[in-house]
Amino acid sequence: MLKVEISKWQEHLQCLKDACGWLDVSRGRARDYQKLLKEYFEEDLRTREHILAMNESCEICDIYNLWKEHVRKFPDRLKDKIKRTFGSGGILREGEKSSNSSNRARNDAFVFYLAGKLINAGADVFSVESICASGATCQGDADVTLNWNGTLVDVQCKRPQNANRLEERAEEALSQINKAGREGIIAIDCSATIRPPGKLLPDKSEEMAVKFLDSKLDKHAVGLSEYYNSDRIRALILFARAPANITVSESPILSSRGKRYVYYRPYSVCSFLVFINDAYADHNALKAILGRIASQER
């Protein structure tokens, strides 16, 4: 294994440790990922859990890096909620069952991830999971509420488990925004609708993997155009995260079939697709804020 690759996974492992230390997480999936990654890189273990652990654990590290400097702006109840998403839920998304709420941890994690991205992009986040920032006063049960130039804008986050429920969940978010009587943004995590359970992205480089996700999100967007052009809806955000095996190097040694041995490392690939409702006079300002969430480095 190349030294640079050793350094990358060790840095990631340290991030996981820091995240668990930040929230005093002693057990649960965030801790399990540390064990799985050490076994993958140090003992060459290759079960499905070992291969997919990198992608799953990147969500943990992302939330930690996005929130570690901002969570103090909110009451401790928010930090406690983030802690529960680190410790609860199955190791893999493949084990989720909405019937027994085993997907709750990842549903909430998407809310915290997006809210953290918005804060780091410069948005004035008033509340997350109905927990208001210190000094803010707002009402409602939106996943995230923004203060947009004195107007409260609700962000309703959805995470459908298959493509057939995509429009249904978008409609649910629209109904929640209309019921609250405020302007809103619909945000959908399409990860489960794009990647079949247990599968990796079929590409050998990060750039190819991102293009693959972009193309899938583009297809999803075709059937959702009515939502980001609806009254009260300022924008539609589509997001996806998926695991890939990125080619690191090729060995000069040939196999019995005459092909070179290829060395891979697990990787997590993310993509955002943002649509703005141009009917609002200040749509360019919102476009600038939402455009930053896609360009922020993890």
Checklist line | N/O donor-acceptor pair under 3.5 Å between Gln161 side chain and Arg159 backbone | finding: yes

Next item on the list: Before giving the answer on salt bridge (charged side-chain N to carboxylate O under 4.0 Å, His left out), spell out for Glu207 and Lys211 the whole-Å C-alpha distance, their side-chain angles and the decisive distance to 0.1 Å.
Entry: CA-CA 6 Å; Glu207 293 75 16; Lys211 286 182 179 179; over 6 Å; no

Under 3.5 Å donor-acceptor pairs involving side-chain atoms of residues 13-27, not counting sequence neighbours:
residue	atom	partner	partner atom	Å
Gln14	NE2	Asp18	OD1	2.9

Checklist line | CG (Asp218) with more than 12 external heavy atoms under 6.0 Å | finding: yes

Margin query: Counting C-beta onward and ignoring hydrogens, is there a side-chain heavy-atom pair between Thr85 and Phe112 closer than 4.5 Å?
Written below: yes

Checklist line | Heavy-atom donor-acceptor pair, Asp278 side chain to His283 backbone, under 3.5 Å | finding: no

Next item on the list: Evaluate the criterion side-chain contact (heavy atoms from CB on, under 4.5 Å) for residue pair Glu171 and Tyr227; output intermediate values, then yes/no.
Entry: CA-CA 8 Å; Glu171 184 65 37; Tyr227 294 99; 3.2 Å; yes

Next item on the list: Check whether any side-chain heavy atom of Cys58 sits under 4.5 Å from a side-chain heavy atom of His12, and report yes or no.
Entry: yes

Note to self: With a 4.5 Å cut-off on side-chain heavy-atom distances among I, L, V, M, F, W and Y, is there a chain of contacts connecting Val153 to Tyr280?
What the structure shows: no

Next item on the list: Please check if atom NZ in Lys158 has more than 12 non-hydrogen atoms from other residues, nucleotides or ligands closer than 6.0 Å.
Entry: yes

Note to self: If you define the side chain from C-beta out and look only at heavy atoms, does anything of Ile119 sit under 4.5 Å from Trp67?
What the structure shows: yes

Check: Does the side-chain contact (heavy atoms from CB on, under 4.5 Å) test come out yes or no for Arg241 and Cys270, once each step is laid out?
Finding: CA-CA 4 Å; Arg241 182 193 299 273; Cys270 296; 3.4 Å; yes

Next item on the list: Provide the closest heavy-atom pair for Ser271 versus Leu213 in the form atom of the first, atom of the second, distance.
Entry: CB-CB, 3.8 Å

Check: For Asp231, does the CG atom have more than 12 heavy-atom neighbours from other residues, nucleotides or ligands under 6.0 Å away?
Finding: no

Next item on the list: Taking the side chain as every heavy atom from C-beta outward, state whether Leu114 and Val155 have any atom pair closer than 4.5 Å.
Entry: yes

Checklist line | Residue pair Lys38, Trp9: steps toward the side-chain contact (heavy atoms from CB on, under 4.5 Å) verdict | finding: CA-CA 9 Å; Lys38 282 179 67 68; Trp9 86 260; 4.2 Å; yes

Check: Counting only heavy atoms not in Asp76, do more than 12 fall under 6.0 Å of its CG?
Finding: no

Notebook entry, point to check: Got Tyr33 and Glu59 here, is their nearest side-chain heavy-atom distance under 4.5 Å?
Noted result: no

Notebook entry, point to check: Are Ile63 and Phe86 close enough that some pair of their side-chain heavy atoms sits under 4.5 Å apart?
Noted result: yes

Check: Looking only at heavy atoms, which two atoms of Arg169 and Pro160 are closest? And how far apart?
Finding: CG-CB, 3.7 Å

Next item on the list: Evaluate the side-chain contact (heavy atoms from CB on, under 4.5 Å) criterion for residues Lys81 and Arg77: first the C-alpha distance (whole Å), next the side-chain angles of each, then the deciding distance (0.1 Å), finally the verdict.
Entry: CA-CA 6 Å; Lys81 282 198 169 189; Arg77 288 187 295 123; 5.8 Å; no

Margin query: Strictly distance-based, threshold 3.5 Å: is any side-chain N or O of Ser230 a donor or acceptor partner for the main-chain N or O of Glu226?
Written below: yes

Notebook entry, point to check: Hey, is the main chain of Arg93 close enough, under 3.5 Å, to the side chain of Glu56 for a donor-acceptor pair?
Noted result: yes

Note to self: Ignoring hydrogens, what is the shortest heavy-atom contact between Ser127 and Cys132? Give both atom names and the distance.
What the structure shows: CB-CA, 3.8 Å

Note to self: Looking at Asp143 and Val111, would you say the former's side chain and the latter's main chain have a donor-acceptor pair under 3.5 Å?
What the structure shows: no

Next item on the list: Indicate yes or no: at least one non-hydrogen side-chain atom of Ile186 is less than 4.5 angstrom from one of Leu174.
Entry: yes

Note to self: Can you tell me how far apart CD1 (Ile276) and CD1 (Ile233) are? Round to the nearest 0.5 Å.
What the structure shows: 12.0 Å

Checklist line | Lys68: salt bridge (charged side-chain N to carboxylate O under 4.0 Å, His left out) partners, not counting sequence neighbours | finding: none

Checklist line | Side-chain hydrophobic cluster, 4.5 Å single linkage: members besides Phe126 | finding: Leu152

Notebook entry, point to check: Which pair of heavy atoms, one from Leu52 and one from Gly198, lies closest together, and at what distance?
Noted result: CD1-CA, 4.4 Å

Notebook entry, point to check: Which pair of non-hydrogen atoms, one from Asn147 and one from Gly150, has the smallest distance, and what is that distance?
Noted result: OD1-N, 3.0 Å

Check: On the ring face of Tyr40, is Arg46 found with NZ or CZ under 6.0 Å from the centre and within 45° of the axis?
Finding: yes

Next item on the list: Assign the ring pair Phe272 / Tyr113 to parallel, tilted or perpendicular, where the plane angle (0 to 90°) is split at 30° and 60°.
Entry: parallel

Next item on the list: Give, for atom CG of Asn65 and atom CD1 of Ile60, the distance between the pair rounded to the nearest 0.5 Å.
Entry: 11.5 Å

Checklist line | Distance, nearest 0.5 Å, that separates CG of Asn178 from CD of Gln156 | finding: 10.5 Å

Next item on the list: Check Pro266 against Asn245 and note the closest heavy-atom contact, atom names and distance.
Entry: CA-OD1, 3.5 Å

Note to self: Let me confirm one number: the CG-CD1 distance from Leu118 to Ile185, rounded to the nearest 0.5 Å.
What the structure shows: 7.0 Å

Checklist line | Nearest-0.5 Å distance that lies between atom CG in Leu36 and atom OG in Ser57 | finding: 9.0 Å

Notebook entry, point to check: Just wondering, do Phe239 and Leu217 contact through their side chains at under 4.5 Å, heavy atoms?
Noted result: no

Next item on the list: Report the residues that fulfil salt bridge (charged side-chain N to carboxylate O under 4.0 Å, His left out) with Glu49, sequence neighbours left out, ordered by chain and then residue number.
Entry: none

Item checked: Inter- and intrachain pairs under side-chain hydrogen bond (donor to acceptor under 3.5 Å, both in side chains), touching residues 180-198, at least two apart -> Glu94-Arg195, Asp154-Arg182, Glu183-Arg234, Asp189-Ser191, Thr193-His220

Margin query: Nearest 0.5 angstrom please: Leu238 CG to Phe275 CZ, how far?
Written below: 6.0 Å

Next item on the list: Return the set of residues passing side chain to side chain donor-acceptor pair (under 3.5 Å) with Asp108 (not counting sequence neighbours), or none when no residue passes.
Entry: Arg104

Check: Quick check: does any side chain N or O of Thr47 sit under 3.5 Å from a backbone N or O of His50, one acting as donor and the other as acceptor?
Finding: yes

